[in-house]
Amino acid sequence: MQENAGNQKTRKKKSRYHRGEYLSTKTGKLCKYRSGWEHKFMMYLDACEQVVSWNYELLIIEYLSNKKTGKTKKYYPDFSVTYQDGTLKVIEIKQHRKLTQVTVIKKAVAAREWCRNHGAIYEILTEHELKSLGVL
């Protein structure tokens with residue numbers, strides 16, 4: 001604990017998420033992840049023989065944030081993955097319980113449209129899909 005100017009003790013806020021850095025053996029890039037699931041998925045991508053390359057939060061997709069004002073925001077999907085057969089997938093890692101959140105839906109709509117226009121596939125992977133892949 002630290003003391004501030006008013007002699008009140010303050011606690012350092014502990015993050016709920018598992019954050020850190022991962023050096024990819026496939027891409028040679030150092031990636032800063034923001035969840036344990038993302039970290040495990042990075043290791044999965046490096047071990048997967050069908051994956052040629054992957055990037056973390058490199059792709060930027062604009063989406064309509066507010067219909068009334070027309071305000072747009074930028075969405076950075078978690079992963080863009082290129083497979084041996086040339087398939088490009090844009091992948092978001094998300095807890096299943098968050099799939100109904102308005103912002104998540106807006107981002108997914110924009111990402112699906114971007115993927116249609118660029119010949120890619122958009123996927124949201126929840127704990128269910130990650131478990132079936134053997135990631136969790």
Side-chain angles (χ1 to χ4, degrees):
M1 283 191 262
Q2 302 172 2
E3 291 197 26
N4 62 15
N7 276 343
Q8 294 175 338
K9 293 182 179 181
T10 59
R11 294 178 188 254
K12 185 177 179 184
K13 186 177 178 182
K14 185 177 179 184
S15 175
R16 292 182 8 213
Y17 302 103
H18 180 77
R19 297 173 186 255
E21 294 179 336
Y22 175 73
L23 181 60
S24 170
T25 57
K26 192 164 279 188
T27 67
K29 295 178 183 175
L30 185 65
C31 300
K32 292 184 179 184
Y33 57 85
R34 279 186 248 131
S35 80
W37 293 359
E38 290 175 354
H39 180 217
K40 288 179 180 181
F41 192 67
M42 289 175 181
M43 292 187 291
Y44 169 82
L45 291 173
D46 276 347
C48 183
E49 292 179 15
Q50 291 81 26
V51 173
V52 175
S53 65
W54 60 270
N55 289 299
Y56 179 70
E57 293 187 343
L58 205 60
L59 180 63
I60 303 169
I61 299 173
E62 285 200 5
Y63 70 97
L64 185 61
S65 173
N66 187 318
K67 285 184 181 181
K68 285 183 181 179
T69 63
K71 182 176 181 175
T72 60
K73 288 188 177 181
K74 293 180 180 177
Y75 166 41
Y76 300 84
D78 292 328
F79 297 94
S80 51
V81 183
T82 304
Y83 292 86
Q84 285 179 344
D85 64 1
T87 302
L88 172 63
K89 287 188 180 180
V90 176
I91 299 172
E92 180 70 24
I93 306 291
K94 191 66 64 186
Q95 292 179 2
H96 186 267
R97 66 183 176 87
K98 294 186 177 186
L99 295 181
T100 56
Q101 292 179 343
V102 175
T103 304
V104 172
I105 293 168
K106 288 178 182 180
K107 289 176 179 180
V109 167
R112 284 187 182 97
E113 184 172 336
W114 185 94
C115 286
R116 267 193 304 277
N117 294 335
H118 292 85
I121 298 168
Y122 181 68
E123 290 183 351
I124 298 177
L125 302 181
T126 68
E127 59 271 26
H128 307 293
E129 290 82 12
L130 292 173
K131 283 179 185 174
S132 69
L133 288 171
V135 175
L136 299 181

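This structure is a prediction, so every number in the text was calculated from the model and none was measured. These values consider heavy atoms only, across backbone and side chains, with no hydrogens, waters or symmetry-generated copies.
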Item checked: Hydrophobic cluster membership, Leu88 vs Val52, 4.5 Å side-chain cutoff -> no

inquiry  = Are Tyr75 and Ile60 packed together at the side-chain level, in the sense that at least one heavy-atom pair is separated by less than 4.5 angstrom?
reply    = no

Checklist line | Greater than 12 external heavy atoms within 6.0 Å of Glu21's CD | finding: yes

task: Check whether any side-chain N or O of Lys26 sits under 3.5 Å from a backbone N or O of Cys48 as a donor-acceptor pair, and report yes or no.
output: yes

To the nearest 0.5 Å, atom CD1 of Ile91 lies from atom CD1 of Ile93 at 6.5 Å

Problem - Side chain proximity check, Leu136 to Trp37, heavy atoms < 4.5 angstrom - result: yes

Note to self: For a 4.5 angstrom cut-off between non-hydrogen side-chain atoms, does Lys89 reach Phe79?
What the structure shows: no

Margin query: With no hydrogens and no angle check, just 3.5 Å: does a side-chain donor-acceptor pair link Ser132 and Glu129?
Written below: no

(message) With a 4.5 Å cut-off on side-chain heavy atoms, are Asp78 and Phe41 touching?
(response) no

| said: Would the distance check show the side chain of Lys106 and the main-chain N or O of Ser65 forming a donor-acceptor pair, the cut-off being under 3.5 Å? | reply: yes

Do Glu92 and Lys107 sit within salt-bridge range, that is, some charged N less than 4.0 Å from a carboxylate O?
no

key: Parallel, tilted or perpendicular: rings of His39 and Tyr22 (30°, 60°)   = perpendicular

Interatomic distance, OG1@Thr72 vs NZ@Lys74, rounded to 0.5 Å, equals 8.5 Å

Compare all side-chain heavy atoms of Tyr44 with those of Leu130 and state whether any distance is below 4.5 angstrom.
no

> Heavy atoms, side chains only, cut-off 4.5 Å: are Leu59 and Trp114 in contact?
Replying inline: yes

Under a single-linkage definition using a 4.5 Å side-chain heavy-atom cutoff for Ile, Leu, Val, Met, Phe, Trp and Tyr, are Val51 and Ile121 assigned to the same hydrophobic cluster? no

dist His118:NE2 -> Ser80:OG (nearest 0.5 Å) comes out at 12.0 Å

Report task. Give a yes or no on whether the backbone of Lys71 and the side-chain of Asn66 come within a donor-acceptor separation of less than 3.5 Å. Result -> no

Practice task
Could you tell me whether the side chain of Arg34 reaches within less than 4.5 Å of the side chain of Glu57, counting heavy atoms only?
Solution key: yes

Between the CZ atom in Arg112 and the OH atom in Tyr122, the distance rounded to the nearest 0.5 Å is 6.5 Å

**Prompt:** Is Lys29 positioned over the aromatic face of Tyr56, cation under 6.0 angstrom from the ring centre and no more than 45 degrees off axis?
**Reply:** no

When every non-hydrogen atom of Thr100 is compared with those of Arg97, the smallest separation belongs to OG1-O, 4.1 Å

Rounded to the nearest 0.5 angstrom, the OH-CG distance for Tyr76 and Leu58 is 10.0 Å

Pairwise side-chain contact, Glu123 with Val90, heavy-atom cut-off 4.5 Å (strictly under): no

To the nearest 0.5 Å, atom CG of Leu125 lies from atom NZ of Lys94 at 12.0 Å

(Q) With a 4.5 Å cut-off on side-chain heavy-atom distances among I, L, V, M, F, W and Y, is there a chain of contacts connecting Met43 to Trp54? (A) yes

Nearest heavy-atom approach of Ile61 to Pro77 is CD1-CG, 3.8 Å

Before you tell me yes or no, could you show the steps for His96 and Glu127 under side chain to side chain contact (heavy atoms under 4.5 Å, CB included), namely the whole-Å CA-CA distance, both residues' side-chain angles and the distance that decides it to 0.1 Å? CA-CA 7 Å; His96 186 267; Glu127 59 271 26; 3.5 Å; yes

